[in-house]
2 protein chains.
Amino acid sequence: MKLNVSPDTIPPRGHEAKRVSIMDAAGKVFCRESFAGANIDMIAAEAGVSRQTIYNHHGDKENLFVAIVRDLTERCNAGIFATISTFPDQPKDLEADLIAFAVRMNRNCVCNRDGKFLRKLIQTEGERYPELFAEWREQGPGQTWPAIAARFARLAHAGFLDIEDPDVAARQFLALANAELQTTFMLGGTPDDDEVLQSATHGVRTFLRAFGKRQSAADAQEHSPLTGA
Amino acid sequence: MKLNVSPDTIPPRGHEAKRVSIMDAAGKVFCRESFAGANIDMIAAEAGVSRQTIYNHHGDKENLFVAIVRDLTERCNAGIFATISTFPDQPKDLEADLIAFAVRMNRNCVCNRDGKFLRKLIQTEGERYPELFAEWREQGPGQTWPAIAARFARLAHAGFLDIEDPDVAARQFLALANAELQTTFMLGGTPDDDEVLQSATHGVRTFLRAFGKRQSAADAQEHSPLTGA
DNA sequence: GACGAATTAGACAAGAGTGTCTAAATTTGT
DNA sequence: ACAAATTTAGACACTCTTGTCTAATTCGTC
């Protein structure tokens, strides 16, 4: 079943191995060196492939670059939506569940390889390829922010939160979740698990101080009055 | 007094005009094209100067780049500290004063030409010049975050805010202030005054919902009970 | 007006990168 | 094992860029 998927479009099979190897290496190199700074020989060497093979597959450098960005955009968005689907719609422990969600969001969408690469390519080359990155903008933030906002609206409607504008709250939630990772991101670093957890914990606590129900919660569980301190 | 400053190191004066013209153009071009993508002829043309003049002034391309980053770092930090000194230590209207401060911070340090350029250069070339950007990190975030944290600590001590960890609060304040400008920043755009004000207003409101005093404020003025809604 | 310093245009060599081409070697499916 | 497709190494022309050099020109100062 898995061996002969679409045997007419995709030629043999080793072909595909080379292809992913090239995409892999090209992403890494474009990201590290920028489009102008990257050269095909570098990518070929890193992919363990001859230069000619890259030209066979992608035609020219610009074509390769566009393919990389499209690929990263697609994979990142898939990851984001997969993560959004784990949003705690019926939280048992609101703080813990939101922290866990924030950590997942950061780990699976922002700090992972694809997220880091896509972010850097957008920052570096975004101005040069307006329509390519407009595509990202529409499918990325344009889709994910409303999706998260909808989840927060539902949570508010269910009485767990006190939110007026779910769009604003969603953006602020994400901003708070990685408030402490900004400097690391700037220099292209990857925060470790501890940093991610710290930032998410502090961010969610502040978020709940702002938007959490005071006491008249619909979920009258054993919620301790965490307003204090 | 101002005409002949240090007449031995800095030669004449038209010299200086060329110098700033070069720095100006080089910043613009490096930022737009990345280090590898920029070329000296482009910069010379944009500066209205011959290529040779650039080599006379800076020796080579890398030297020029380093000079640009140093210059931007210095000017940005000066701007940040100048802005921090306008922090509302004795607020009349806490919300309005913090919003105004957040707007100043964004307009003078983040959205202006220097801030935009420096941010982009750090993102794009940071990994390639570790010690150069370590310098930025130490003088920039390493100095400004504690400075803002100290102001918030003072504000908390004076009874205006309810903050446990001023460092965390400071980072979150900044993150909230431009939570809604992230996408624009990503693509190298410059948010207009309205966007900046919007983001700052929403950010500060959330910040105060989280860290504002409920009612036992030391400043028992005509503070309306804005906890509601 | 004259002197010295700085700027300029242009040519230049040297190097690096892109994209093409060819012939040989390898891999793949049958 | 055979035939087709793919990959490979290497050479190649072409372009672009850097950094240097030179001679002429312009600019600021005295």
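Letters A, B, ... mirror the listed sequences (proteins, then strands); counts begin at 1.
Contact between the side-chain N/O atoms of B:K18 and the OP1/OP2 oxygens of C:dT8 is found at a separation under 4.0 Å. For B:H57 and C:dT7, the shortest distance from a side-chain N or O to OP1 or OP2 is below 4.0 Å. Using a 4.0 Å cut-off, some side-chain N or O of A:S50 falls inside it from OP1 or OP2 of D:dT8. For D:dT8, the OP1/OP2 oxygens have a side-chain nitrogen or oxygen of A:T53 closer than 4.0 Å.
Side-chain atoms of A:Q198 and A:D194 include no donor-acceptor pair closer than 3.5 Å. A donor atom on one side chain and an acceptor atom on the other are not found under 3.5 Å apart for B:T183 and A:R137.
The residues B:E46 and B:R32 are annotated as salt-bridged, a charged nitrogen and a carboxylate oxygen being separated by less than 4.0 angstrom. Salt-bridge annotation for B:D89 and B:R151: present, with a side-chain N of the basic residue lying under 4.0 Å from a carboxylate O of the acidic one. Using a cutoff of 4.0 Å between basic side-chain nitrogens and carboxylate oxygens, B:D165 and A:R205 are not scored as salt-bridged. Ion pair B:E62/B:R128 not flagged as a salt bridge, since none of the NZ, NE, NH1 or NH2 atoms sits closer than 4.0 Å to an Asp/Glu carboxylate oxygen.
In this structure, the helix from C:dG1-D:dC30 to C:dT30-D:dA1 shows an angle of 40° between the axis at its start and the axis at its end, each fitted on 5 base pairs and rounded to 10°.
Among the heavy atoms of the strands, none lies under 4.0 Å from B:H58.
Every pair passing side-chain hydrogen bond (donor to acceptor under 3.5 Å, both in side chains) that includes a residue from residues 69-79 of chain B is listed here, sequence neighbours excluded: B:R70-B:E135, B:D71-B:R75, B:R75-B:D114.
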Write down the protein N/O and nucleotide N/O pairs, taken from nucleotides 17-24 of chain D, whose separation is under 3.5 Å; answer none if there are no such pairs.
unit_1, atom_1, unit_2, atom_2, d
D:dT17, OP1, B:N39, ND2, 3.0
D:dT17, O5', B:N39, ND2, 3.4
D:dT18, OP1, B:A38, O, 3.3
D:dT18, OP1, B:I40, N, 3.3
D:dT18, OP1, B:K61, NZ, 3.4
D:dT18, OP2, B:I40, N, 3.2
D:dG19, OP2, B:Y55, OH, 3.4
D:dG19, OP2, B:K61, N, 3.2
D:dC21, N4, B:Q52, OE1, 2.6

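Going from atom CD1 of A:I54 over to atom P of D:dT6 covers 17 Å, rounded to whole Å. A:I43 has its CD1 atom 12 Å from the C1' atom of C:dG17, to the nearest Å.
Between the side chain of A:Q143 and the backbone N or O of A:G140, no donor-acceptor pair lies under 3.5 Å.
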